[in-house]
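Single-structure report; data block below.
Chain naming here is simple, since letters A, B, ... match the order of the sequence lines and numbering starts at 1 in each.
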Number of protein chains: 2
Amino acid sequence: MKATMKDVAKLAGVGVGSVSRVINNVPVKDSTRKKIESAIKELNYEPDIYARGLKMNKTSTIALILPTVWHPFFSEFAYHVESELEARDYKLYLCNSDGKSEKEYEYIQMVKQNKVDGIIGITYSEIDQYIFSSLPFVSIDRYFVEDVIYVTADNAEGGRMAAKELAKRGASHLAFIGGYQETPNETKNRRKYFEIEAQNLGIPCDTLNLLEPIEDLEKEVERFLTEHPTIDGIFTINDLAALDVIRIAEKLGKKVPEDIQVIGFDGLKMTRETNYLVTSIAQPLEEMAKAAVSLLLQVVEGKEVQRRTILPVSFQEGTTTKKVKDAAKIK
Amino acid sequence: MKATMKDVAKLAGVGVGSVSRVINNVPVKDSTRKKIESAIKELNYEPDIYARGLKMNKTSTIALILPTVWHPFFSEFAYHVESELEARDYKLYLCNSDGKSEKEYEYIQMVKQNKVDGIIGITYSEIDQYIFSSLPFVSIDRYFVEDVIYVTADNAEGGRMAAKELAKRGASHLAFIGGYQETPNETKNRRKYFEIEAQNLGIPCDTLNLLEPIEDLEKEVERFLTEHPTIDGIFTINDLAALDVIRIAEKLGKKVPEDIQVIGFDGLKMTRETNYLVTSIAQPLEEMAKAAVSLLLQVVEGKEVQRRTILPVSFQEGTTTKKVKDAAKIK
DNA sequence: CTGTTAGCGCTTTCAC
DNA sequence: GTGAAAGCGCTAACAG
């Protein structure tokens, strides 16, 4: 049924070695190459990746572990990772961990079985124990105790930027709203440096920081905004949270951006294309994906690479903040 | 370095055959099973999937080809497919085709090389020629000339439903707005049966149907709505288009849902969680994913399956249409 | 340059 | 039941 290398060799009247050479672009005499190539075409031959993988101990496959691909941040990241890998003839296993560390562990095991060349992981749960340094692993947004390589956007600068931009637009009472996980990760810097910058600017700042999974976000945010009625500038942990906050604020009779300005984080395609253009601190998703892939493949090849890669964020103006000139006028 | 079956056999003092049997749950004497299991644990042994795949000619892997995973419809679908496969110990290759048939073809080839067990594809380009019937392939939303298995939501009923629901809410001038590709696919029925139902109901209906990729959607929609100022009920090809249309309508000074009611299609998590809750004809995404996986795996096992699977859609009320009682009052 | 050959790690007869 | 042995399709080392 399916043609094998032996079949090709027989049809071309050569040895399997030569066929292998042609497949792998090792120099061969031109006449034999011709014969082999036409035999390959005739038999519609495709090399068996599994046999090759077995032999070479290399799979040209990596796994991407993320909480859930339906979340736009992750799916956009996945998109860029796949594009980058495709360009390098790598394949991508997609793994939804659903945030459960058991499932993440399962995938790491699966990965070992499959001899995937490496893993890119966005994981906020406790899998430190499973990440051994011999495993080619690039982490996104998250650092582990062991020296795992990681790539992240400049969350600290993002936090500062949000505070500055809100201040520039006349906000006089800032707030941070977001959720967090217990494991340490880079996203916490968004809040931390936002608060620090607010203090530097001399603007009061309150925080609503809930442990995930969040029970009743709506009620919490409502209470928070009611307790602090003068809040007029909010920075949220991400764009989706910004959408939630906006909805709740409007429900409470506040207008965005007139009464309350909101800045999210991520700068997703999704929220860019939606009718509600959320002002956001944009992560350089494509660059992050490229960096992650590039680092991982270097590690796979046994090269030494830098442990931390921090990429710059940018301010992406939408309709949930005032124009700077308006703010100036109002002020 | 990495433990192999032989190592386990040696440590356990048995033959490799027995180890293989334990791995594959073939009956063995209880005492030897014990020995083998502890040896496996001690060596932290994991079977090599590639060697197994080579031997068994089976990979427990399928590929999912979709236009781009960053689109929420596709990523949500991908999520469900992965969940379903995970439950059956299958792995998922993710492929973004970007709508280019060359890339889709590449993936089909890749798939042949990898001996992926099968493919689930959402593909709107001309790859009919590459889909040969011996390839286990399940198509979503798209039927091919050859008898390829496909799964789809009931787009025809969705179109009818949209017209009925708009009528029920007092709309007196309907419109369909959407984009289309030249290849035949199920989504076209949304428009077709919407128009038919509008006619049945005796309500005028205009259509703006643009060939994708759309040059300047905004301008086109603006012109369309300006030319037909009495339109008060719009059905769009999907939720994202609905968001666009809403934004443009509001820019033109129309209020949603007061002046214009809008119904989208898909019923995505994303648009459900966003502050703008788009009324939508929801596709049963999870069921579609389950059906696709189930059908594909049956085909892989050589079973005969039904060619067409059509799953019911449902009306998902949001904030872009009026409440029925209000509409009644107004009327 | 090229044919032959020895495995890669696993499953699966086949005797014992 | 269980060990030994024959490959699955491929690559790479070795002779020619």
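Contacts of A/Asp117 classified as salt bridge (Lys or Arg N to Asp or Glu O under 4.0 Å), with partners at least two apart in sequence or in another chain: none. Residues passing the salt bridge (Lys or Arg N to Asp or Glu O under 4.0 Å) test with B/Asp30, sequence neighbours excluded: B/Lys34. In this view, A/Lys303 and A/Glu301 satisfy the salt bridge (Lys or Arg N to Asp or Glu O under 4.0 Å) rule, not counting sequence neighbours. Residues forming a side chain to side chain contact (heavy atoms under 4.5 Å, CB included) with A/Ser294 (at least two apart in sequence, or on another chain): A/Arg88, A/Gln298. By the side chain to side chain contact (heavy atoms under 4.5 Å, CB included) test, B/Asn57 is found to be paired with B/Lys115, residues two or more places apart in sequence or in another chain being considered. Here A/Val22 pairs with A/Val28, A/Arg33, A/Ile36, A/Glu37 under the side chain to side chain contact (heavy atoms under 4.5 Å, CB included) rule; sequence neighbours left out. With sequence neighbours excluded, the residues that form a side chain to side chain contact (heavy atoms under 4.5 Å, CB included) with A/Glu286 are A/His80, A/Lys290. In terms of the ring-ring contact (aromatic ring centres under 6.0 Å, His included) criterion, residue partners of A/Tyr93 (sequence neighbours excluded) are, by chain and number, B/Tyr93.
Residue pairs satisfying the ring pair (Phe, Tyr, Trp, His ring centres under 6.0 Å) criterion with at least one member in residues 18-53 of chain B, sequence neighbours excluded, are listed as follows: A/Tyr50-B/Tyr50.
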Would you tabulate the pairs of protein nitrogen or oxygen atoms and nucleotide nitrogen or oxygen atoms of nucleotides 12-16 of chain C closer than 3.5 angstrom?
residue	atom	partner	partner atom	Å
C/dT13	O4	B/Arg21	NH2	3.4

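Protein atom NZ of B/Lys58 is 22 Å distant from nucleotide atom P of C/dG9, rounded to whole Å.
Summary for the helix from C/dC1-D/dG16 to C/dC16-D/dG1: the axes at its two ends, each from 5 pairs, differ by 40° when rounded to the nearest 10 degrees.
Here the range on DNA chain D touched by chain A, meaning any atom under 4.0 Å from one of its heavy atoms, is D/dG9 to D/dA13.
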